[in-house]
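Working notes for the structure below.
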Amino acid sequence: QIAGPWTDYGTEPSTMPGSKPDVSSFTVTVTPTKTAEFFRLRPKCIPFSEADPTEPIPAPPTPWFVFWATFQPFDFAGAPSQNRIQEIGDFKGLDCDRKLEIVPCCPCGSIEITLVHFNTPATVEAFDDMGNLLGTATMSGPQSVAETLTLDGAGMAIARLEVTAPENETLLLKLCCVYGPDRKSV
């Protein structure tokens with residue numbers, strides 16, 4: 001049996017199979033054959049763009065562990081740099097610096113990453129736990145327009161992402177992980 005607040009699993013009561021919802025929490029009884037189905041629910045997301053605009057922007061630590069992933073930016077020389085939440089125009093997000101390494105605490109079957117660039121489009125690479133490249137996606141939209149890229153592990157678990165921002169002008173707005181290597185991208 002699994003229980004907790006709805007925010008822990010990023011899903012709504014009406015979409016949780018076998019759930020008995022109340023106002024603020026859930027309880028799910030999972031039989032051994034249904035365990036995998038329970039963890040194939042909606043992606044769990046980290047929405048950097050949804051920070052309260054009335055709150056001051058904190059200086060996050062480096063590396064920075066947020067919910068289920070660690071974020072480490074690198075500068076043009078390849079040295080670790082400071083995590084920064086930036087506001088540029090209408091966008092608020094995590095500054096990718098020259099390169100941003102993202103390591104989920106649990107491998108993801110697929111990743112949806114929403115970025116916005118203000119000069120040269122960024123490229124995202126997905127790797128397995130042995131460092132093998134699983135996939136690459138490059139932004140193709142115009143400057144100052146948010147774009148969501150989907151990387152699928154193709155049956156392998158994504159254990160690390162690298163966002164390369166050639167001109168250091170890219171913000172990470174949102175990151176979503178679908179746990180397990182069995183979900184295909186859409």
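When reading the values below, keep in mind they use all heavy atoms of this one structure, side chains included, and skip hydrogens, waters and symmetry mates.
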Check the SG atoms of C176 against those of C45: under 2.5 Å or not?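 Yes, the SG atoms sit under 2.5 Å apart.
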
State whether the SG distance for the cysteine pair C177/C106 is less than 2.5 Å. no

Side chain to side chain, [X] and [Y], heavy atoms closer than 4.5 Å:
X	Y	value
N83	P73	yes
I85	K92	yes
I102	T70	no
L161	L175	yes
L100	T170	no
L172	V163	no

For D95, enumerate each residue passing the salt bridge (charged side-chain N to carboxylate O under 4.0 Å, His left out) test, keeping only those at least two apart in sequence or located in another chain. R84

Qualifying salt bridge (Lys or Arg N to Asp or Glu O under 4.0 Å) pairs with a residue from residues 99-111, counting only residues at least two apart or across chains: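 As it turns out, the salt bridge (Lys or Arg N to Asp or Glu O under 4.0 Å) pairs with a partner in residues 99-111, which skip direct neighbours, are K99-E162, E101-R160.
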
Please say whether more than 12 non-hydrogen atoms of neighbouring residues, nucleotides or ligands are located less than 6.0 Å from CZ in F91.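 More than 12 heavy atoms, drawn from other residues, nucleotides or ligands, come within 6.0 Å of this atom.
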
If you group Ile, Leu, Val, Met, Phe, Trp and Tyr by side-chain heavy-atom gaps below 4.5 Å, do [X] and [Y] land in one group?
X	Y	value
I158	I113	yes
L151	V116	no
V66	L94	yes
L115	F71	yes

Can you name the side-chain hydrogen bond (donor to acceptor under 3.5 Å, both in side chains) partners of T62, sequence neighbours left out? Q82

Could you pull out all donor-acceptor pairs under 3.5 Å where a side-chain atom in residues 125-142 meets a protein atom, sequence neighbours excluded?
from : atom 1 : to   : atom 2 : distance (Å)
D128 : OD1    : M130 : N      : 2.9
D128 : OD1    : G131 : N      : 3.0
D128 : OD1    : N132 : N      : 2.8
D128 : OD2    : N132 : ND2    : 3.1
T138 : OG1    : T123 : OG1    : 3.2
S140 : OG     : E147 : OE2    : 3.4

Distance, nearest 0.5 Å, that separates CD of Q86 from SG of C96: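 Answer rounded to 0.5 Å: 10.5 Å.
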
If you measure from OG1 on T148 to CD1 on I111, what distance do you get to the nearest 0.5 Å?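 Between atom OG1 of T148 and atom CD1 of I111 there are 12.5 Å.
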
Please give me the minimum heavy-atom distance between [X] and [Y], naming the atom from each residue.
X	Y	answer
A69	I46	CB-CD1, 4.2 Å
P121	P166	O-CD, 3.6 Å
D97	S81	OD2-OG, 2.6 Å

Would you call the rings of F48 and W64 parallel, tilted or perpendicular if under 30° counts as parallel and over 60° as perpendicular? tilted

Would you please name every residue forming a side-chain contact (heavy atoms from CB on, under 4.5 Å) with F76, sequence neighbours left out?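 side-chain contact (heavy atoms from CB on, under 4.5 Å) check on F76 returns R98, N168.
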
Which residues pass the side-chain contact (heavy atoms from CB on, under 4.5 Å) test with Q143, not counting sequence neighbours?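 side-chain contact (heavy atoms from CB on, under 4.5 Å) list for Q143, sorted by chain: H117, N119.
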
